[in-house]
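Below is one structure, written out as C-alpha cells, with a few remarks after it.
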Number of protein chains: 2
Amino acid sequence: MAAGTGKKEKRDASTEERILAAARTVFTKKGYAGTKVRDIAAEADINLSLVNYYFRSKEKLFQVIMQETVQQLIGDVSRIFDKEETSLEEKVGALADHYVNLLLKNPDFPLFLVNEILSGNDIFSSHAKKETLFQSHFFKQIGALKVNYNPVHIIMNTFGMLVLPFLARPILQNNGIVKPAEFKALMEERKKLIPVWIKGMIG
Amino acid sequence: MAAGTGKKEKRDASTEERILAAARTVFTKKGYAGTKVRDIAAEADINLSLVNYYFRSKEKLFQVIMQETVQQLIGDVSRIFDKEETSLEEKVGALADHYVNLLLKNPDFPLFLVNEILSGNDIFSSHAKKETLFQSHFFKQIGALKVNYNPVHIIMNTFGMLVLPFLARPILQNNGIVKPAEFKALMEERKKLIPVWIKGMIG
DNA sequence: AAAAAAATTGAACAATTGTTTAAAACAAAT
DNA sequence: ATTTGTTTTAAACAATTGTTCAATTTTTTT
C-alpha cells in the first residue's frame, strides 16, 4: 500500500516526499484548520487524490508531520541538555546558537508549535523521549541552582528570550522598530547575549 | 440594521452582546479558521442566522473582535509606556503586573494574538495609536540606555519572559515540571522578578 | 387596537472541502 | 506480449460550513 517501511521499496519516493514537503510547508504556515488538502496538493504540484492515496487522510498526514517535527525538536534539545560536561551557561549558549539558526531558516516554525500546543494537542506527552528530556543533566543543573526563587523560571526565561523575537517579528518590522535587514544581525547578537543574561540571573 | 451606533438604539442589547462574547471566546480559543459560525451561535445560545443578521459575515465579526482586542491592548500598554514620571524598571513592573493578571484570566489570549500576527494580519499597523506607542516615554528610556548592544533586546526580553510561560503552560503542566496549582503562584512570583532581571541586564 | 418595524426562527442554498471511486496510464513480472 | 500490480487522474460524493430567505413572533410606533 502506502509508505516507507514496505518490503520492496520500489516506489519512486518523489511523490510521497513531495507531499510531505508540501504538507510541512503549508501546515506550518497556516496551521491544521487553515490548511486545505487542496493547498497541499497544489504546493506539491500533484493530483488531489494522491494525498489520500499516500496518507489516508488529512488528519493522518498531519500526525506524520507533527511526529517528525517533535522528534526532531526533542532530539536536538536532548543532545544539548544531556551533555554532562558542559556548564549551564554553555548549554544555554548552545541552545541559543542552534535555535536562532533554525528559526532564522523557518520563521513560521514557532507559531506552528505554539498553535498546536494550545489547541489541546499535547505534542510532547505522546512522545517517548520526553522523560529523558526532563531528567536531563540540564534539568539537574537547574534544580541545583542556589537562587531564592523557583528555578523553573530560568527555563521559562531562556525559551522566552529565545522564541519571542520570532513570534513578534512582523510587529517589530512593520513598525520600524527593527529594520528587515537588521533582524538577522540582532538575532546573531542574541546568541551571545542570552547566555550572559541568564548567567546574570543566577550568578 | 445592525449594531451600536444607530440612532434609536432601541434594541435589546443582549443578543448582540451575547454574540460578541461568544465570538470572543471561540475565536480566541480556536482561531479564525478553526471557528465555525455554528460554534459561536451555540456558545451564545442563539439562532445561527442571528450571527449574520447582526454582523453580516464571519469575517466582519472577526474584525470587530480583533479591533476591540487590539484597541484594549494598545490602550493598556500606552497608559504604562507614556508615564513620564516612572522609571524604566517601574514600567516593566507595571507591565508584568498588569499582564500576568490579564493572562491568568485569559489563558488563550496570547496564542490568539500570535496566531493572527503570523498569519499576515498585521494587527497593529492598521491601528491609529501605534505611533504613540513606539514614541512613548518607555521607548525613549530604552533608547537612552547605556548598554553595549541594541536596546531593542530589552523589549524583546521583557515580553518574552512575560508571555512565554502562558504559551508553554500545557507543556509545563502535562510533564510535571509545574503542577497545575503551582502555576498561578509562579506567575505571581514573576511579577516581582521580571523587573529585577531586566534591571540586571541594564544596570 | 392597528400598523409598522425589528428580531427570531427553521429551512434551504451554495460554496468549500475531505474523501472515495472507477478508469486510465505506467511499470514490473512472467 | 501478456499479465499483474502500482500509480495517477478526473470526476463525483458526502459532509461541513458560511450565507440567505421567507415566514413567524415580538416589539415599537401611531
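When reading the values below, keep in mind they use all heavy atoms of this one structure, side chains included, and skip hydrogens, waters and symmetry mates. Chain letters run A, B, ... following the sequence lines, proteins first, then strands; residues in each count from 1.
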ask   = Which whole-number value in Å describes the distance from B:Phe55 CZ to D:dT19 P?
value = 13 Å

key: By side chain to side chain donor-acceptor pair (under 3.5 Å) - contacts of A:Arg24 (at least two apart)   = A:Glu68

note = The side-chain contact (heavy atoms from CB on, under 4.5 Å) partners of B:Lys192 (sequence neighbours excluded) come to none

query = For the residue pair A:Thr86 and A:His137, what are the closest heavy atoms and their distance?
reply = O-CE1, 4.0 Å

inquiry  = B:Asn106: which residues meet the side chain to side chain donor-acceptor pair (under 3.5 Å) condition with it, sequence neighbours left out?
reply    = none

Can you give the donor-acceptor pairs under 3.5 Å from side chains of residues 33-43 of chain B to other protein atoms, not counting sequence neighbours?
unit_1: B:Thr35; atom_1: OG1; unit_2: B:Val26; atom_2: O; d: 3.4
unit_1: B:Thr35; atom_1: OG1; unit_2: B:Gly31; atom_2: O; d: 2.6
unit_1: B:Lys36; atom_1: NZ; unit_2: B:Ala33; atom_2: O; d: 3.3
unit_1: B:Asp39; atom_1: OD2; unit_2: B:Lys36; atom_2: N; d: 3.1

request  = Take the protein atom CG of B:Asp45 and the nucleotide atom P of C:dA7, then report the distance between them rounded to whole Å.
outcome  = 19 Å

task = When you get a sec, tell me which of C:dT8, D:dG18, C:dT19 is the closest nucleotide to the side chain of A:Asn52?
result = C:dT19

query = When the distance from CZ of B:Arg56 to C1' of D:dC21 is rounded to whole Å, what number comes out?
reply = 15 Å

ask   = What is the distance, rounded to the nearest whole Å, between atom CD of A:Glu16 and atom P of D:dT7?
value = 9 Å

remark   = Residues passing the side-chain contact (heavy atoms from CB on, under 4.5 Å) test with B:Ser136, sequence neighbours excluded, are B:Phe81, B:Asp82, B:Phe138, B:Phe139

inquiry  = For residues 89-117 of chain A, which residue pairs pass the ring-ring contact (aromatic ring centres under 6.0 Å, His included) check, not counting sequence neighbours?
reply    = none

Rounded distance (Å) that lies between atom P of D:dT6 and atom OH of A:Tyr54 = 12 Å

task = Take atom NZ of B:Lys58 and atom P of C:dA15, then tell me their distance rounded to the nearest Å.
result = 18 Å

ask   = Who passes salt bridge (Lys or Arg N to Asp or Glu O under 4.0 Å) against B:Lys179, sequence neighbours left out?
value = none

query = Rounded to the Å, how far apart are A:Asp39 CG and C:dG18 C1'?
reply = 12 Å

With A:Glu59 via side chain to side chain donor-acceptor pair (under 3.5 Å) - residues at least two apart = A:Tyr32, A:Gln63

note = The bend of the helix from C:dA1-D:dT30 to C:dT30-D:dA1, taken between the axes of its five terminal pairs at each end and rounded to 10°, is 0°

remark   = For B:Val178 and A:Met156, the nearest pair of non-hydrogen atoms, with its separation, is CG2-CE, 4.4 Å

query = What parts of residues 30-37 of chain A reach DNA chain C, counting only heavy atoms under 4.0 Å away?
reply = A:Thr35, A:Lys36, A:Val37

Residues which pass side chain to side chain donor-acceptor pair (under 3.5 Å) with A:Glu89, listed by chain and number, not counting sequence neighbours = none

Under 3.5 Å between N/O atoms: give me all the protein pairs with nucleotides 9-13 of chain D, atom names plus distance.
unit_1: D:dA10; atom_1: N6; unit_2: A:Ser49; atom_2: OG; d: 2.5

